[in-house]
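Comments concern the structure below.
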Amino acid sequence: MMLIPAHHFRDIERKPEYLQPEKCVPPPHPGPVGTMWFIRDGCGIACAIVTWILVLYAEFVVLFVMLIPSRDYVYSVINGIVFNLLAFLALASHCRAMLTDPGAVPKGNATKEFIESLQLKPGQVVYKCPKCCSIKPDRAHHCSVCKRCIRKMDHHCPWVNNCVGENNQKYFVLFTMYIALISLHALIMVGFHFLHCFEEDWTKCSSFSPPTTVILLILLCFEGLLFLIFTSVMFGTQVHSICTDETTIERLKRKNQPRQRTGSWKSVKETFGGNFSLNWFNPFSRPCQPESPSERELVQQVTSLSDMDNTETTEEQLEEKEEEEKDSVEVVNE
């Protein structure tokens, strides 16, 4: 396999005309605390609307096809309360995940003046995103949909029309959990309702005609089964990412670079907001708010440049490096 010198990339990164920090617009003044975050993406907005429609459809079938016509009032009241509570928590979690800033890095802070103020020493680098002109802290990635660099970005989810990142991962986990629970609850009620209708006259088990009742129940069954599988997988993936302190992007890239990881329990507490309590399951309770990255966190230490210039890389490593070049540019103090 052909070996290619790694200093080829270093030469490109050191060219001042390639970095162009003087073209960055100074960052705007930060908005007031609690300013709503909303992504104007047509696909994401459509997916979010479809999510609400599907939940409301399940609500309609559960209430008007199965519970209200039932003669067992205790059964109807208990299941109605449980289903509506889970549906409310699911939609509330969806709104919080969609309207919460996932951890956007200040836009346009990679100005020439700010880079010079860092007073970089030999062997120190800062990473600049050429797309949003921001200095990226460690574990931040640029989202092409949000058009921002997101701290601890896991992935962009069109169903919540937002990135899943440092500040809203809790709400996304709760959303997948509550959707999985109401899907399971709906499937169980559909099963019991079919048994009840087979034992009794179909005209008495629903206020709709038998064909309409069957169609509505079958559609709800398919919807519940599909979303139960999908959200259960997403919930398990997110919990695994939190416990291992490794985002989906980091797991897919599988970088061999050493990184100090937070302990499993500490990472869980940071995501859900402190020690275990009912607030973990409350979509209106905020997770632990991380501090804004300091200048020290923006600067990263690497091995000596002379050592890096003398290293060689395989074609596979070269492709990985080229992929990184698409997302970030190194600024090295000469």
Side-chain angles (χ1 to χ4, degrees), residues 37-39 41 43-59 62 82-103 143 145-146 150 152-189 220-252 264 267-273 276-288:
W37 171 276
F38 184 76
I39 303 300
D41 174 57
C43 177
I45 295 174
C47 288
I49 293 175
V50 169
T51 301
W52 276 69
I53 291 176
L54 292 175
V55 173
L56 294 177
Y57 169 77
E59 184 83 20
V62 168
V82 172
F83 187 86
N84 281 279
L85 177 61
L86 292 176
F88 170 75
L89 292 173
L91 294 179
S93 300
H94 182 270
C95 287
R96 293 303 300 272
M98 180 172 57
L99 303 177
T100 299
D101 182 348
C143 175
V145 180
C146 297
I150 308 297
K152 204 175 176 181
M153 175 181 168
D154 187 87
H155 68 287
H156 183 92
C157 178
W159 295 105
V160 297
N161 188 33
N162 200 1
C163 276
V164 178
E166 193 173 53
N167 294 344
N168 67 342
Q169 190 172 26
K170 169 187 174 178
Y171 308 130
F172 183 76
V173 172
L174 292 181
F175 167 66
T176 57
M177 182 184 72
Y178 288 128
I179 289 293
L181 289 176
I182 64 173
S183 299
L184 178 61
H185 190 199
L187 287 173
I188 293 174
M189 285 191 292
L220 178 60
C221 188
F222 275 113
E223 177 192 341
L225 186 60
L226 179 64
F227 274 87
L228 175 61
I229 296 173
F230 177 72
T231 54
S232 296
V233 171
M234 288 300 301
F235 175 77
T237 302
Q238 289 299 300
V239 171
H240 178 266
S241 296
I242 294 171
C243 292
T244 58
D245 192 28
E246 183 182 43
T247 65
T248 300
I249 293 178
E250 293 167 346
R251 187 166 61 253
L252 291 175
S264 298
S267 179
V268 171
K269 290 195 296 183
E270 288 178 352
T271 302
F272 289 95
F276 178 78
S277 66
L278 290 178
N279 280 331
W280 279 22
F281 308 99
N282 180 10
F284 300 100
S285 174
R286 292 185 178 182
C288 294

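Since this is a predicted model, take the numbers as computed values, not measurements. Hydrogens, waters and symmetry mates play no part in the numbers below; they use all other heavy atoms, side chains included.
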Side-chain donor/acceptor of [X] to backbone N/O of [Y], under 3.5 Å:
| X | Y | value |
| --- | --- | --- |
| N162 | T100 | yes |
| N168 | C163 | yes |
| S267 | I242 | yes |
| R96 | Y171 | no |
| N161 | I39 | yes |

If you take all heavy atoms of [X] and [Y], which pair is closest and at what distance?
| X | Y | result |
| --- | --- | --- |
| F172 | A97 | N-CB, 4.0 Å |
| F272 | K170 | O-NZ, 3.5 Å |
| V55 | E223 | N-OE2, 4.2 Å |
| L99 | F38 | CD2-CD1, 3.7 Å |
| I182 | F83 | O-CE1, 3.7 Å |
| G165 | I150 | CA-CG2, 4.3 Å |

Item to check | Any pair counted as side chain to side chain donor-acceptor pair (under 3.5 Å), so long as it reaches residues 174-187, sequence neighbours left out | outcome: N79-H185
How many angstroms lie between atom [atom1] of [X] and atom [atom2] of [Y], to the nearest 0.5 angstrom?
| X | Y | atom1 | atom2 | result |
| --- | --- | --- | --- | --- |
| F284 | C95 | CZ | SG | 8.5 Å |
| L56 | E59 | CG | CD | 7.0 Å |
| F230 | L225 | CZ | CG | 14.0 Å |
| L85 | L89 | CG | CG | 4.5 Å |
| S264 | H240 | OG | NE2 | 9.5 Å |

Checklist entry - Taking only residues two or more places apart in sequence or in another chain, which ones pass side-chain hydrogen bond (donor to acceptor under 3.5 Å, both in side chains) with Q238? => result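 Applying side-chain hydrogen bond (donor to acceptor under 3.5 Å, both in side chains) to Q238 gives D154, Q169.
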Next on the checklist: Going by the rule ring-ring contact (aromatic ring centres under 6.0 Å, His included), which residues pair with H156 if we only count those two or more places apart in sequence or in a different chain?
Outcome noted: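 Listed in chain order: nothing, the list is empty.
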Do [X] and [Y] come within less than 4.5 Å of each other through their side chains, counting heavy atoms only?
| X | Y | result |
| --- | --- | --- |
| T231 | F175 | no |
| K269 | W280 | yes |
| V62 | L220 | yes |
| F276 | V268 | no |
| I249 | H155 | no |
| T247 | K152 | yes |

Next on the checklist: As a quick check of understanding, evaluate side-chain contact (heavy atoms from CB on, under 4.5 Å) for I179 and M234, giving each step before the final call.
Outcome noted: CA-CA 11 Å; I179 289 293; M234 288 300 301; over 6 Å; no
